Amino acid sequence: MKLEFTVNGKNVSLEVPPDRRLLDILREDLGLTGTKEGCGEGECGACTVLLDRRAVHSCLTVAAQLPGREVVTIEGLSDCGEMSDLQRAFVEETAIQCGYCTTGMVMSARALLYENPNPTEEEIRIALAGNICRCSGYTQIIRAVKRAAAEERGEAERD
Amino acid sequence: MIEGFFSPKTREELFECLGKMTPNSRFISGGTDLILKLNAGKIHPDTLLYLGALPEGREISEQSGEIHIGAMAEMTTIATSPLVRRTCMALADAAGHVGSVQIRNKATVGGNVANASPAGDLTVPLWLMGAKVHIAGPQGIRTATMDETVIGIEKTSLCHNEAILSFSYPVPPASTYTAYRKLGSRSEVTISRVGLAVLVQMQEEVVSTARIVLGAVATTPVRALSAERCLEGSRLEPEAVENAASALSEYILEINKRPNRFYKAHASKGVLQDVLDTIRQRSGITLP
Amino acid sequence: MKIVGSSRPIHDAKAKVTGSVRYAGDFDLPGMLYAAVIFSQIPHGYVTKVNVDRAMEVGGVVEILHCFNTTDRPYNRFRTMKGQKTLEQDRIFQRHVRYVGDRVGCVLAETPQAAREAAALVEVTYDPLPFATTVSEVLEGKIDCIHSEGAVFGEVELAFGKEPEMRPDTVETVTETFLPRLTHMTMETHCCVASWDRAMEQLTVWSPNQSVYGIRTVLAELFDLPYEKVRVVKTTMGGSFGAKQEWVLEPVTAAAALRTGRPVKLVYNRAECMVSTISRGPIHAKFVTKITPQGKIQSMGADVILDSGAYVGNACDYIQALASKFFRCYSYPFAHYTGRAVCTNTPMSGAYRGWSAPEMYTMMEHNLNMAARRLHMDPLELRLRNVALPGEVDRKTGLSLGEIRIRECLLLGREKFFWEKRKKENRAFNAGQTRFRRGIAVGCAGHVNGYYPRFPDYAGVSMRVNESSGIQVLATLHDHGCGTVTAMKMIVSEVLDLPLEKIQISEGDTAVTPHDVGCFASRSTYVIGRALFDCSEKLRDELLEACGRWQNTDSSELWVKDGEIRFSDGRAVSYGDVALWMLREEQKELWVNHQSQSQSNPGVTGAHFAGVEVDTCTGMVKLLDYLAVHDIGQAINREMCVAQIQGAVAMGSGAALSEHMDTNPKNGKTTATMKDYHVRNTPDFLNVRVELIEDGGTQGPFGAKSIGEACYVPVAAAVAGAVNDALDSDLSSFPLTPDAIVDLMIKREQHEA
């Protein structure tokens with residue numbers, strides 16, 4: 001099928017089978033390897049991207065579902081190589097270790113903050129329930145999301 | 001190799017596409033069940049029909065005292081819908097705890113029902129509300145009940161060229177409270193091992209009607225009549241709840257012959273207590 | 001100290017958070033082929049035929065390697081050193097397959113989809129044999145043909161110390177513990193890229209791994225290549241926990257590269273990772289303590305059977321290693337140990353975080369909790385009466401435990417966890433209603449810092465100053481994603497008083513970095529970090545001397561401060577200036593090498609305090625509070641240490657409550673999805689509190705000891721202990737699932753009825 005959709009604000013047109021996974025389209029067809037495959041079964045969240053501003057698993061999304069829709073990946077969050085506040089919060093709060101869960105985690109957090117700019121810890125935990133980190137106990141990640149939320153609301157001081 | 005791909009944008013296009021479906025064709029809406037099967041190589045369909053391009057597919061509306069929910073409505077949409085939350089919290093509860101946020105943003109109520117997993121979450125509250133299923137086929141639309149539609153383990157009465165278009169249930173009378181709770185292997189992102197949907201109608205703080213639907217213990221959701229009787233006429237006080245829990249537990253042992261039935265029978269008592277706690281909160285009943 | 005003890009982001013944090021870092025699975029080399037492995041579908045048998053006709057018809061397929069056209073030379077995927085004695089049972093592809101998931105061949109194609117599609121079309125014909133999926137089936141003689149040497153390996157009986165005379169009132173406590181198969185569940189699945197340059201006869205392998213030199217040694221010998229023609233480079237690693245310290249994909253990928261002359265990438269999916277790499281095999285153990293009525297341990301004994309799976313990888317060493325953990329925490333006269341590994345037709349057992357210590361302490365702590373009950377003694381008090389004190393000796397090695405601080409961990413934890421108060425509160429809570437039960441427990445454990453004295457433990461480092469005042473360090477590091485590189489940079493930065501950004505350290509690359517056995521046995525900070533510290537001091541001294549020569553000043557009148565060399569008259573020159581002067585005038589680079597050998601292995605311990613609430617209806621366990629107190633010597637990167645400890649608690653809670661892989665006895669298939677193997681997710685976890693006791697006094701850099709494995713060792717013991725306290729039970733068959741708990745409740749209800 002002919003697939004036309006947008007990725008990180010750019011129009012994309014590809015000839016792909018209708019059951020080609022969005023994850024493979026991103027990584028192989030478009031060279032956007034920031035999105036990772038951790039399980040291929042929608043359990044680990046490493047493949048999380050935004051589809052029309054909502055967090056979804058790109059391993060459980062296929063071409064058939066994408067015409068006319070907007071996908072944003074981790075590469076779409078940085079502005080000309082500059083990290084977004086959310087990404088900087090992850091860096092500075094020691095919320096990154098092996099890094100494999102990081103891009104999916106950031107995308108889930110991004111989606112949460114679009115919808116809920118002032119989340120409680122419980123709300124953050126529910127929003128990230130589908131993102132597994134095997135290195136940490138999630139404490140720094142949650143702290144990073146809280147900090148980014150405060151900065152986006154203009155409440156926190158930025159360096 | 002998938003050769004055909006349809007993405008109908010109107011009802012007319014849908015009926016036309018349905019006419020082309022073979023027994024080896026598959027529907028896809030949210031895809032969270034289907035794509036898993038595709039990736040695992042368990043199915044090799046000749047055609048995929050994407051239902052998500054139908055604008056009416058996601059609509060939730062109130063029409064003539066009935067709530068209509070498009071089959072392509074995602075779990076997130078259902079869980080946050082003011083119409084659903086006003087008329088059937090059990091449905092919002094169920095939708096709000098399917099998988100993770102990522103799953104809820106894609107998985108649809110139609111897909112959940114058509115998949116007919118015994119552990120399905122939305123079948124249970126839909127069963128509770130006596131929901132009607134509106135099914136599109138090449139000839140038009142037919143309506144069936146939930147138990148006429150979901151008939152066994154991953155078995156529905158849908159033909160290969162039929163797709164669920166929407167569900168509808170009557171707006172319940174005032175003083176009706178519902179709740180759904182599922183027990184999985186962990187608190188979130190888990191498949192249901194015991195799913196419980198409860199409806200109570202109160203008259204001056206006494207339960208006039210109680211309906212209890214159990215999921216994940218039989219091949220389809222089932223009504224737990226003996227447990228319902230324990231609640232009717234009560235004020236949901238601890239003794240009545242305990243009797244209902246025992247009745248529920250015994251019922252599970254009667255109908256389920258699998259090795260983990262003892263676990264489910266025992267655990268269901270806790271699930272019922274928790275659901276009724278929620279019902280109490282929602283109805284404003286205070287215990288003496 | 002300026003930087004050691006502070007908190008810094010991991011060195012490649014920005015690359016990771018922007019998605020620009022390249023893991024091996026992201027590599028895309030010109031002409032690269034994709035590999036997909038063909039796995040055995042039967043648990044035991046011989047491959048009689050491999051028919052590739054249908055597979056070769058898939059577009060893009062280039063070549064198919066299998067057990068009949070590839071070398072069948074055996075090796076051991078856990079070996080790191082030349083001459084190291086190991087049983088050689090692994091093969092790139094097996095004709096005698098011994099578990100569902102054993103490798104039979106691999107397809108090489110132009111796209112990953114074509115490779116997998118073709119792999120599914122390869123027709124393998126088997127001559128099946130009887131199979132056994134449990135140790136008891138094997139020991140009962142159900143099969144006799146899994147290996148020509150038999151099925152039982154590494155049988156050992158050991159005794160340490162002197163058994164004291166037992167008085168008649170000695171309390172003997174016997175417990176049994178069953179630990180199921182665990183998987184590491186690293187978020188990055190196993191992957192490898194290999195390339196064979198035909199013209200230069202150079203094999204290059206990139207993979208996330210814990211020993212580039214280990215891989216080099218095994219591959220060079222497997223393919224008859226000189227060591228210097230095998231280059232192994234460690235890539236950014238998305239977690240390991242031991243999963244990537246055995247060479248599973250590297251031989252296959254290298255064989256494919258050698259055959260085709262094109263780069264080859266092999267990426268395992270989650271199922272393949274869970275089944276066909278390594279797991280921590282099931283362990284069945286009996287544990288015995290003999291304790292005086294006053295609570296002094298007289299002896300400990302363990303009898304252990306490890307299910308090694310289809311092959312003996314590290315199993316014999318694992319059995320031995322268990323015995324080395326007896327005296328890392330408590331002080332008592334005597335220990336007795338018997339152990340053996342048994343092969344079954346199941347996935348291979350291999351390295352797992354803690355490498356026998358978590359298993360030993362899970363059994364030991366459970367036994368001590370049960371003993372405490374029989375002694376009518378507070379379990380924490382029982383620990384306090386037996387902890388090893390500074391200067392005491394590890395009876396197994398005869399080495400001093402040095403500045404061990406387990407007693408301090410316990411005392412601090414007792415206070416910060418409100419031990420006494422919580423006991424009372426829990427009693428009142430439990431008495432007040434019937435459905436929920438709360439309990440607390442302490443889990444203690446001791447670990448190691450490197451191999452000494454079991455095996456030689458050494459490290460080499462080289463450092464040079466460049467003309468822009470940057471320090472370029474060559475050390476063989478294998479960062480798991482736990483911050484090793486950053487911690488090492490912090491050590492160098494502290495000694496040379498330079499900002500972190502001026503220090504460049506890359507990771508293991510056998511063409512460039514010095515020989516090192518690898519990152520395991522908790523040796524990186526203690527041994528390599530120490531070498532880095534010493535080398536930094538050497539470099540600092542060289543810098544000052546060179547500057548002295550340049551400026552005709554005695555180097556004793558110079559010092560380093562804030563990235564400069566200061567003179568007493570107020571002048572300052574940069575390190576780069578000195579380096580440049582040396583190049584021009586002395587025609588030498590400012591460069592030092594250093595090699596050191598570890599000479600100690602102090603006690604490194606932790607006391608973990610867990611508080612849980614058990615729902616006796618549903619069997620679900622909720623963690624209410626968790627405090628980890630660690631005897632760490634000196635935290636190098638503080639928040640990273642905290643994050644590692646918390647992560648270990650998440651992992652250990654999973655091991656205690658939910659993680660297990662099962663093999664179906666009917667068809668030999670093993671759990672292979674995340675859906676069926678639940679690790680901790682955000683709603684089921686909490687913010688773990690951490691306290692660090694930093695009394696230094698060790699030979700580690702700045703007095704540091706290990707942490708990455710030590711923090712995992714006590715967790716399952718603490719969590720299970722808390723559940724048993726809540727329920728007044730003695731559950732010791734892991735994991736303590738809701739089903740197991742409800743089973744107990746049902747039995748109790750029936751007993752009461």
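Residue numbers begin at 1 in each chain, while the letters A, B, ... track the order of the sequences. From a predicted model like this one, the values you see are computed outputs, not experimental measurements.
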Per-residue contact mode, [X] against chain A (heavy atom under 4.5 angstrom):
X: B:Ile28; result: side chain
X: B:Leu38; result: side chain
X: B:Arg26; result: neither
X: B:Ser187; result: neither

Requested in this report: Quick one: which of B:Leu49, B:Val189, B:Asn105 has the most heavy-atom pairs under 4.5 Å with chain A, could you say?
Outcome: B:Asn105
Most chain B-contacting option - heavy-atom pairs closer than 4.5 Å, from [options]:
options: A:Gly45, A:Ala111, A:Ala129, A:Ala64; result: A:Ala64
options: A:Arg54, A:Glu43, A:Met1; result: A:Arg54
options: A:Thr61, A:Asp52, A:Leu112, A:Asn131; result: A:Thr61

Backbone of [Y] reached by a side-chain donor or acceptor of [X] within 3.5 Å:
X: B:Lys182; Y: B:Gly215; value: no
X: A:Thr120; Y: A:Glu123; value: yes
X: A:Thr48; Y: A:Met107; value: no

Just verifying a value: how many Å separate [X] [atom1] and [Y] [atom2], rounded to the nearest 0.5 Å?
X: B:Gln281; Y: B:Tyr177; atom1: CD; atom2: OH; result: 13.0 Å
X: B:Arg58; Y: B:Leu51; atom1: CZ; atom2: CG; result: 10.0 Å
X: A:Cys59; Y: A:Arg21; atom1: SG; atom2: CZ; result: 6.5 Å

Query raised in the report: With a 3.5 Å cut-off and no angle check, do the side chains of B:Thr22 and B:Ser25 form a donor-acceptor pair?
Result: yes
**Report entry** Proximal component of A:Leu128, with respect to chain B [non-hydrogen, under 4.5 Å]
**Finding:** neither
Query raised in the report: With a 4.5 angstrom heavy-atom cut-off, which part of A:Arg69 approaches chain B: side chain, backbone, both or neither?
Result: side chain
